[in-house]
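As the structure lists them, so they are numbered: ligands from 1, and atoms in each ligand from 1.
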Amino acid sequence: MKRRLISGLFLSALAFASPAFAQEAADAVSPEGGSEGQVQGLTAEVIAALEAKMEGKPVTAQNWMVAAANPLAVEAGAKVLRAGGSAADAMVAVQVVLGLVEPQSSGLGGGAFLVWYDAATGKMTTLDGRETAPLEATHRLFHDENGEPLKFFDAVVGGLSVGTPGTPALLEEAHRRWGRSPWPSLFADGIALAEDGFLVSPRLAGLVEKDAERLSRFPVTAEYFLPDGKPLEQGQRLMNPDYAETLRTLASEGAAGFYGGEIAAGIVSTVRGAEGNPGVLSGIDLALYQVIEREPVCATYRAYEICGMGPPSSGALTVGQILGMLDGYDLAAMGPEDVQSWRLIGDASRLAFADRGRYMADHDFVPMPTNGLVDPSYLSERGGLLNESEALIDVAPGNPAFDHASNWADDESLELPSTSHISIVDQFGNVLSMTTTIENGFGSRLMTNGFLLNNELTDFSFKTHRDGVPIANRLEPGKRPRSSMSPTIVMQDGAPVLAIGSPGGSRIIGYVAKSIIAWADWDMDVQQALSLPHLVNRFGTYDVELGTAAEGYADQLTALGYEVNPRDLTSGLHAIEIGDVLIGGADPRREGIALGE
Ligand code: GLY
């Protein structure tokens, strides 16, 4: 068992942070949130899990556990696990329901990365279900007639940003490899909820209201999210018969029913017919889509191997770099209340993001120093730069060893918070960590067959070159845009000990790295680690979480030389610690829970 040592002062910092978060979570799903019907739809165990989260307590279980962003999705996964299904089976059920009840974050029209620890073989592998750039897309896709990059949202909203979805193929591939339950059975909850309706959550209602103008631009999307011209309301029962029909097709025909036939035709006509901003996705792109199995990327931190998704995600490399650079510093002794801990974490993060901006992209298309970036001697050298007492003045990419020679310019790409994370452990000891997305909240805002289409192509750098030097993450036909998604499995002595991940755009990396530090160095349980107020630094301001104890560090960080930016930092971390028992946590900033037996 890990030691639990948290100082009194820090406990008070947590306590300072927790009530607001807890209240937000309570409002999300409790009678106080004004949704009597919603609570009537929740089981006693779901309500108990929500209460545990609100009180800052983890959930424990003996056999299996699932943690995800919405109680209805978690319940669908729990049913599968209870009936003897595998973590891969449960993931399919969870994803199918998330695509309905949390449509702004992930779904069939998007992509995902999955990390899998297989109990039977003791091996870990990853599946890349990332969206691909259409074959007709050129590096000029996001340029105007003068060759200048488009404004971000001019590119996002409409058909131009839509990549070939990967999630349906990923669900099928995971089930083919590791499934135990009959495939059609995994769609039952999603179909029932889509047909009978579900109660719109406060978070979904709030986001629809905020995004109403963009959602109103396309008739199919507007009809669903703004019925009679008004944004959906919290607690309103919402049905999605088109989604139910799509799920029936997937259940009976498998992914082939998605990548061909009427669903594919609907995707292509929606993208290419998008008024004002048509895209170039074709039936050939859909027919050619492939999930790719890739080796996990692992980095050493303390007694642990931190393993996750390699390129085209920058997740495991950047999380691994941050932790690897910090390995030589005794964060445990310094603790979370010492601003020097946050200087070290912040500057390790800045150095890692400098490397990310220069070197990381889809390595099927560009040479990358993948091994060099997490090589212990390289990280030790980079970590040596942190041996200061104030913020680093110059932060530049390093010179990791390339597998073959290359020269790249620093990129320019913007990722905004969205996405969803699922962690699952089944009764057989398999562990799944999957982060899933349609990129921006509500993706491209285009909807067809009951689901939203992604805007993942805007994760490419809009700029293609800098001073004549190419940018690694520039758009190319068939390429996968660089991601920040960091589905992670932490290993100790060859066994999995933690599954974790988060949404949050490029801040995902900081959320995951910081939570691992809190769990590994500061002896917090998973719920405490997830609830800990955020301080994250990518390659610019030091972002501190508004309304929490993190704001208390603003003056000290400013004195060290950082530009500090207090702001909302809505991660959606879901984690399961694996030991003699399973211990789960869910991010109090969102609506999810951990549930197990
Ligand atoms: N679109 C979010 C990510 O892939 O990181």
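For the pair R214 and F442, the cation-pi test (distance below 6.0 Å, angle within 45°) is failed.
Checked against a 3.5 angstrom limit, the closest N/O atoms of T419 and ligand 1 fall outside it. Here's the thing with E456: one of its N/O atoms is less than 3.5 angstrom from an N/O atom of ligand 1.
Contacts classified as salt bridge (Lys or Arg N to Asp or Glu O under 4.0 Å) and involving residues 153-175 (residues at least two apart or in different chains) are given here: E173-R176, E173-R177. The salt bridge (Lys or Arg N to Asp or Glu O under 4.0 Å) analysis of residues 270-287, with sequence neighbours excluded, yields the pairs E136-R272.
Using a 4.0 Å cut-off between heavy atoms, R507 makes no contact with ligand 1 at all.
Set against the non-hydrogen atoms of M485, the atoms of ligand 1 under 4.0 Å away are 3 (C), 4 (O), 5 (O). Distances below 4.0 Å separate heavy atoms of D459 from the following atoms of ligand 1: 1 (N), 2 (C), 3 (C), 4 (O).
Within the 4.0 Å heavy-atom shell around ligand 1 one does not find R482.
With distances taken over non-hydrogen atoms, the option nearest atom 4 (O) of ligand 1 out of S506, S483, G315 is S483.
Across all their heavy atoms, L226 and L215 have their closest contact at CD1-C, 4.0 Å. Of all heavy-atom pairs between V395 and A354, the closest is CG1-CB, 4.2 Å.
The main-chain N or O of G572 is found under 3.5 Å from a side-chain atom of S502 such that the two form a donor-acceptor pair.
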